[in-house]
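Here the structure comes first, spelled out in structure tokens, and everything after it is commentary.
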Amino acid sequence: MIRVGIVGASGLAGGELIRLVTQHPEMELTFLGGNSSAGRRPAELHPGLRLDLGLTVEPVTADRVAERCDVVFLATPAPVSARLAAELADRVPCVADLSGAFRIRTPELHERWYPKAGRATELADRFVYGVPELVGDQLVDAALISVPGCYATAITLGLAPLTLGLGLNLRTVVIDGKSGSSGGGLQMRVPDLHPLRNGAIAPYAPTGHRHAAEVSDFLQRSKPGSVGSLAMSAYGVSHVRGLLASSYVYTDEQVDQRELQRAYIRFYKEHRFVRVRRHNETLIPVPDPQAVLGSNYCDVTALHDPDGGRIVVLAALDNLVKGAAGQAVQAVNKRFRLPEETGLTMQPVMPA
């Protein structure tokens, strides 16, 4: 059994990690870490987890984690993750960080979007950007894994068949993102109160988002020159879970609908957690967050818009599963040479 620690056990992603790890056939939860919630049981923090694990949340020390864990998930804010990763690297066989502390490799870009998460460049260079469908064998035996952000996962999986598959140069990409309230975590902010959030479409990042910078950084490293400008606007909607990333792509190269459909099916043929929508196969013909809730699936499709001279790429996922805890477990499965679907075969819950 793989001994697992979760730091940040009181948060939404931490609770989702507890749920997934406790039903994983090859993992044993051996440590729960946190400061403000120290001494509390998982069931006190997450009402849906009525589990008698024999564990309470403990203060985090490197010695304690190293002694009891083969892998530790950091579901902590970026500044905390940056500090803990430095302490735990080379002491724990695998550290999987769910924050943004190590997602952006370029130092100047990281400093712009995560100014409070100071880190050593040599440590950041050791992290593998953990999109299992795109980095393949890089995750096998990886000691340090940076789990992509929820929007970044959807956008990257949506664009990869165009850049890494068809080899297109994307002159301009404009992204419209809409996500539920769980994307903001458990912070108490006035705009997230129910009377203000319910029924609203709130543009909380209308002129830029750090996940767009993350996507651009990854794609440029994977295929230099493949993306010109990439801009994003993000909106909060009244859902709790789920997000939809709509990417409007402008390229000087000619493709038609049939070529796009074939390219996406071919690119994700061997990847069970990315489902390519065929537009006429279900009652909901295009990706929609409600069709993936509670699962580790990302639904994608690409549409040719000849009148607008663009490609429209839609990607939907559950931000707490494929956008966070589920993808983290999937990446760690590959790291320990397990089938990547191990412990993640739950189907979506619909209606939700």
Side-chain angles (χ1 to χ4, degrees), residues 1-102 117 119 123 126-128 130 139 141-147 185-186 296 320-321 324-338 342-344:
M1 298 291 282
I2 301 166
R3 300 174 303 160
V4 174
I6 299 170
V7 179
S10 64
L12 294 178
E16 201 73 354
L17 281 165
I18 296 171
R19 180 176 76 89
L20 296 177
V21 169
T22 52
Q23 35 189 8
H24 194 292
E26 302 292 339
M27 291 182 176
E28 177 187 7
L29 188 58
T30 57
F31 178 79
L32 293 174
N35 290 323
S36 62
S37 57
R40 303 181 72 181
R41 295 176 293 106
E44 295 180 67
L45 301 169
H46 306 286
L49 299 175
R50 299 299 294 273
L51 303 169
D52 184 12
L53 303 174
L55 295 173
T56 58
V57 179
E58 304 175 46
V60 180
T61 68
D63 288 341
R64 192 173 289 168
V65 175
E67 179 183 350
R68 290 159 56 179
C69 301
D70 301 311
V71 58
V72 59
F73 294 101
L74 302 180
T76 44
V80 177
S81 284
R83 174 178 59 81
L84 289 176
E87 295 175 4
L88 295 171
D90 303 317
R91 299 198 63 185
V92 179
C94 180
V95 176
D97 177 33
L98 280 73
S99 83
F102 299 96
R119 73 203 185 169
L123 181 63
R126 292 171 56 191
F127 272 83
V128 175
L139 287 168
D141 298 328
L144 300 170
I145 299 171
S146 178
V147 180
L186 293 178
N296 198 52
L320 292 179
V321 189
Q327 181 154 246
V329 171
Q330 183 185 354
V332 168
N333 281 343
K334 289 186 73 73
R335 185 263 179 248
F336 285 95
R337 301 172 182 264
L338 298 172
T342 307
L344 295 170

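For residues 73-83, the set of pairs meeting the salt bridge (Lys or Arg N to Asp or Glu O under 4.0 Å) definition, not counting sequence neighbours, comprises R83-E87. Annotation: salt bridge (Lys or Arg N to Asp or Glu O under 4.0 Å) contacts involving residues 9-25, sequence neighbours excluded, comprise E16-R19, E16-R241.
For E67, there are no side chain to side chain contact (heavy atoms under 4.5 Å, CB included) partners two or more places apart in sequence or in a different chain. For the side chain to side chain contact (heavy atoms under 4.5 Å, CB included) test, residues two or more places apart in sequence or in another chain that qualify with S146 are F102, R103, F127. Under the side chain to side chain contact (heavy atoms under 4.5 Å, CB included) criterion, P93 pairs with R335, not counting sequence neighbours. Legend: residues meeting salt bridge (charged side-chain N to carboxylate O under 4.0 Å, His left out) with R337, ordered by chain and number and at least two apart, are D141. Remark: D90 pairs with R126 by the salt bridge (charged side-chain N to carboxylate O under 4.0 Å, His left out) rule, at least two apart or across chains. Residues forming a salt bridge (charged side-chain N to carboxylate O under 4.0 Å, His left out) with D52 (at least two apart in sequence, or on another chain): none. Taking the side chain to side chain contact (heavy atoms under 4.5 Å, CB included) definition, one finds that A78 meets it with S99, A101, Y114, A117, sequence neighbours left out.
Residue G326 comes nearest to L344 through the heavy atom pair O-CD1, 3.6 Å, listed as atom of the first residue, atom of the second, then distance. In terms of heavy-atom proximity, D70 sits nearest to M1 at OD2-O, 3.9 Å. The shortest non-hydrogen separation linking A9 to V57 is CB-CG2, 4.2 Å. Across G14 and A75, no two heavy atoms sit closer than the pair N-CB, 4.0 Å. The nearest pair of heavy atoms linking L74 to A85 is CD1-N, 4.1 Å. Between A13 and A325, the closest heavy-atom pair is O-CB, 4.0 Å.
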Would you mind writing out the side-chain donor-acceptor pairs for residues 28-44 within the sub-3.5 Å range, not counting sequence neighbours?
unit_1: T30; atom_1: OG1; unit_2: V4; atom_2: O; d: 3.2
unit_1: T30; atom_1: OG1; unit_2: R68; atom_2: O; d: 2.8
unit_1: E44; atom_1: OE2; unit_2: R41; atom_2: N; d: 3.0

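Side-chain atoms of L98 and L17, non-hydrogen and from C-beta on, do get closer than 4.5 Å to each other.
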Review point. Checking side-chain contact (heavy atoms from CB on, under 4.5 Å) for the pair L45/I18: CA distance, chi angles, key distance, verdict?
Key: CA-CA 11 Å; L45 301 169; I18 296 171; over 6 Å; no

### Task
Could you give me the CA-CA distance, side-chain angles and deciding distance for L84 and V72, then say whether side-chain contact (heavy atoms from CB on, under 4.5 Å) is met?
CA-CA 10 Å; L84 289 176; V72 59; over 6 Å; no

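At least one donor-acceptor pair closer than 3.5 Å links the side chain of H24 to the backbone N or O of E26. Under the 3.5 Å distance criterion, the side-chain polar atoms of N333 are matched with a main-chain donor or acceptor of T342.
To the nearest 0.5 Å, the span separating CZ on F73 from OG on S81 amounts to 13.0 Å. Taking CG from D63 and CG from L88, the interatomic distance works out to 10.0 Å, rounded to the nearest 0.5 Å.
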